[in-house]
Amino acid sequence: MTQEFKPVRVRFAPSPTGYLHLGSARTALYDYLIARKTGGQFILRIEDTDRKRLVDGAEEELMSNLRWLGMEWDEGPDIGGHYAPYRQSERKEIYQEYGEKLVESGFAYYCFCTPQRLAAVREEKQKKKEPPHYDRICRSIPIEEARERIAAGESHVLRFKTPIEGTTIVKDLLRGDISFENKTLDDYILIKSDGWALYHLAAAVDDHLMKITHVVRSSEWLPTSPIHSLIHQAFGWDEPVWVHLSVLLKPSGKGKMSKREAVELSGEGHSIFIKDMQGLGYLPEAVVNWVALMGWSYDDHTEFFSMQDLIEKFSLEKLNPAPAATNFTKFDYFNKLHIKVLSDADLAERLQPYFKTAGIQTDKKVLEKIAPIVKERIVTLDDAVEMAKFFFTDKITYSKERILMEGCDAKGTIEIGRRILEELKSLKEWNTADLDLIVRGMMEKEGKEPKQFLGFLREVISGQKISPPLFESMEILGKEVVLKRLENALRFIEENFD
RNA sequence: GCCCCCAUUGUCUAGCGGCCUAGGACGUGGCCCUCUCAAGGCCAAAACAGGGGUUCGAGUCCCCUUGGGGGCACCA
């Protein structure tokens with residue numbers, strides 16, 4: 001579709017009723033990518049017409065999450081724009097005005113049915129195995145009578161006068177023409193009794209007024225999409241290009257992400273909420289790469305993408321309409337990949353906060369030296385703390401199970417340890433290559449295997465079963481520290497074994 | 001119950017009628033390398049849901065079945 005190369009205007013329109021999650025982040029990403037690719041605009045619009053469901057701070061959190069992921073919007077509630085305001089709660093009168101227009105043109109009507117009656121109707125229809133829709137009795141109330149009742153203060157809503165016959169075709173970019181029998185559609189409420197517009201009206205009005213060219217949203221909207229088409233038609237407006245994305249399924253592939261699933265995931269060190277990603281040690285680059293590929297692909301082998309790559313290569317046409325299961329194992333893989341390409345300085349900087357959270361004071365210079373040796377052995381940034389904390393503390397806790405050299409008793413370990421100590425003391429050049437040479441030389445002289453000899457030293461310098469490579473670690477620690485730890489370790493053995 | 005969408009290995013996917021004895025990646029298993037953990041290298045198992053058409057030829061187009069998913073609020 002050549003249209004795609006013309007600048008698009010797309011909006012990401014979340015409602016501040018919760019936190020930004022994987023699914024909505026992906027929608028925002030696709031919006032962002034196509035806007036950047038075509039040189040168009042990425043607009044942030046807050047859909048907060050449901051005043052009861054607002055969550056305190058959600059809007060701020062949402063914006064900061066979006067920015068963390070690397071998506072800046074061109075127009076939005078905080079930065080304004082030509083079509084401001086971008087918060088629907090500040091556009092109430094606009095919706096009322098357009099609602100009234102529909103009444104005048106005969107496409108909408110006032111309904112005075114009480115919620116109780118509606119519930120009863122719904123129940124009745126369900127019992128008769130019919131679609132649980134409104135029975136449209138208010139549709140026949142003459143407009144003059146309706147206005148009198150409103151003037152008299154009667155509670156009312158505004159409903160769309162959905163055609164009863166015929167078919168409505170929604171042109172979806174990914175699925176082609178989707179047809180709906182109008183008789184299966186409801187007379188949806190446009191404006192609630194409290195005067196606030198509902199999504200159907202508000203979104204249509206805003207999309208038109210804000211000159212949105214492409215509406216990219218979740219396929220959960222597919223069932224009501226004919227109403228949105230019909231509303232545009234009623235106003236005589238051109239419809240935007242509809243792009244209904246697949247739904248993100250839970251890891252099992254059975255059903256979409258639910259609150260319950262989110263809780264279970266957090267028990268496994270995962271989260272579907274963007275706000276949690278940083279704390280869990282994930283890179284925004286990894287989130288973007290991973291999420292981009294859930295429902296989109298470039299070719300049959302490329303899978304590493306930076307935001308810049310995505311902007312260059314993204315296209316709406318290659319979107320996959322089939323639902324996709326969320327695969328957190330693959331997320332870990334992408335995180336590793338993106339950690340690996342970070343520069344040492346960059347990685348060091350990103351690592352620092354995790355050590356701080358763990359209560360470990362770090363040194364920037366040392367952290368930069370550690371970066372290259374932990375780089376390819378951590379999955380998440382916080383993994384580095386466990387692996388490298390011994391670089392920043394003198395309090396090494398030895399384990400009685402591991403401190404003795406494999407195949408040796410306490411006496412033997414101490415004897416060899418002392419010989420190592422003397423040898424290292426006399427070592428002039430303290431670097432990885434020389435350490436490697438001298439230590440291995442001793443190992444052979446002692447007739448020990450690497451896992452015995454080097455394993456012992458690993459425990460000595462780190463107190464850990466797993467550590468970055470030994471000689472590199474020794475070089476970074478420095479001669480003084482290593483000798484000190486060896487002495488401490490030998491003392492530990494003397495004190496704990498007889 | 002009704003409406004709508006979807007359908008390639010366990011998962012994400014490539015495939016837009018012949019290039020497919022179906023490609024890549026994650027994961028899984030094995031081997032190699034190896035100071036732990038990783039990384040890396042090599043190899044393996046693993047899929048076109050089923051049935052009808054259309055066509056010289058179908059994973060690719062059409063229909064049905066089945067399966068999965070989504071929706072049916074004075075939420076978005």
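Chain letters run A, B, ... following the sequence lines, proteins first, then strands; residues in each count from 1. Everything numeric here is computed off the predicted structure, so don't read it as measured data.
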Selected nucleotide, minimal atom distance to A:Tyr199 side chain, candidates B:C2, B:A38, B:A76: B:A76
Touch class at under 4.0 angstrom, heavy-atom based, for A:Glu376 against every strand present: base
Donor/acceptor link under 3.5 angstrom from A:Ser193 side chain onto base of B:C74: yes
Pairing partner (Watson-Crick or G-U wobble, both distances under 3.5 angstrom) of B:A14: none
Touch class at under 4.0 angstrom, heavy-atom based, for A:Leu198 against every strand present: sugar-phosphate
Residue A:Glu130 excluded, over 12 heavy atoms near CD under 6.0 Å: yes
Sugar-phosphate, base or nothing in reach of A:Pro223, heavy atoms under 4.0 Å: base
Residue closer to the 5' end of RNA chain B, A:Lys340 versus A:Ser252 (nearest nucleotide): A:Ser252
Shortest side-chain distance from A:Ile189, nucleotide among B:C74, B:A7, B:A76: B:C74
Touch class at under 4.0 angstrom, heavy-atom based, for A:Ser467 against every strand present: base
Residue whose nearest RNA chain B nucleotide is more 5′ - A:Lys465 or A:Asn320: A:Asn320
B:A47 versus B:G52 - spacing of their C1' atoms, nearest Å: 22 Å
Of the listed nucleotides B:A76, B:C12, B:C5, the one nearest the side chain of A:His200: B:A76
Nucleotide nearest A:Glu472 when distance is taken to its side chain, options B:A7, B:C35, B:G70: B:C35
Touch class at under 4.0 angstrom, heavy-atom based, for A:His244 against every strand present: nothing
Sugar-phosphate only, base, or nothing, as touched by A:Phe334 at under 4.0 Å among non-hydrogen atoms: nothing
P gap between B:G59 and B:G50, integer Å: 11 Å
Among B:C37, B:A38, B:C35, the nucleotide that comes nearest once only the side chain of A:Arg440 is considered: B:C35
Sugar-phosphate, base or nothing in reach of A:Leu470, heavy atoms under 4.0 Å: base
pair A:Phe456-A:Glu406: side-chain heavy atoms closer than 4.5 Å: no
Minimum-distance nucleotide to A:Pro469 side chain [options: B:U36, B:C5, B:U11]: B:U36
Same-atom distance (C1') from B:C62 to B:C3, integer angstrom: 23 Å
Any N/O donor-acceptor pair, A:Arg458 side-chain to B:C35 base, under 3.5 Å: yes
For B:C72, the Watson-Crick or wobble counterpart (both distances under 3.5 Å): B:G1
Residue A:Leu118, side-chain atoms from C-beta onward, closest of B:C74, B:G27, B:G71: B:C74
Under-4.0 Å side-chain N/O to phosphate OP1/OP2 contact, A:Lys318 with B:U13: no
Closest listed nucleotide, where the reference is the side chain of A:Phe180 and the choices are B:C12, B:C3, B:G69: B:C3
Closest to side chain of A:Pro115, choosing from B:G10, B:C74, B:G71: B:C74
Sugar-phosphate, base or nothing in reach of A:Ser179, heavy atoms under 4.0 Å: sugar-phosphate
Cation-pi geometry met for A:Lys313 and A:Tyr298 (6.0 Å, 45°): yes
side-chain N/O A:Lys192 vs B:C75 OP1/OP2, d < 4.0 Å: yes
Check: A:Thr27 side chain, A:Arg217 main-chain N or O, donor-acceptor pair, under 3.5 Å: no
For B:G29, the Watson-Crick or wobble counterpart (both distances under 3.5 Å): B:C43
Touch class at under 4.0 angstrom, heavy-atom based, for A:Pro251 against every strand present: nothing
Out of B:C72, B:C75, B:U11, whichever nucleotide has its closest atom nearest the side chain of A:His133: B:C72
Side chain proximity check, A:Ser462 to A:Ile396, heavy atoms < 4.5 angstrom: no
A:Tyr333, A:Tyr282, A:Phe328 screened by ring pair (Phe, Tyr, Trp, His ring centres under 6.0 Å) with A:Trp290, the one that passes: A:Phe328
B:U36: pairing nucleotide in any strand, Watson-Crick or G-U under 3.5 angstrom: none
Sugar-phosphate, base or nothing in reach of A:Lys183, heavy atoms under 4.0 Å: nothing
Phosphate-side-chain proximity, A:Thr49 and B:A76, N/O vs OP1/OP2 below 4.0 Å: yes
Touch class at under 4.0 angstrom, heavy-atom based, for A:Trp221 against every strand present: base
Sugar-phosphate, base or nothing in reach of A:Lys128, heavy atoms under 4.0 Å: nothing
Sugar-phosphate only, base, or nothing, as touched by A:Lys375 at under 4.0 Å among non-hydrogen atoms: nothing
Pairing of A:Asp187 and A:Arg159 as salt bridge, 4.0 angstrom limit: no
Plane angle bin for A:His338 and A:Phe304 - parallel if under 30°, tilted between 30 and 60°, otherwise perpendicular: parallel
Donor-acceptor pair under 3.5 Å, A:Lys336 side chain vs B:A38 base: no
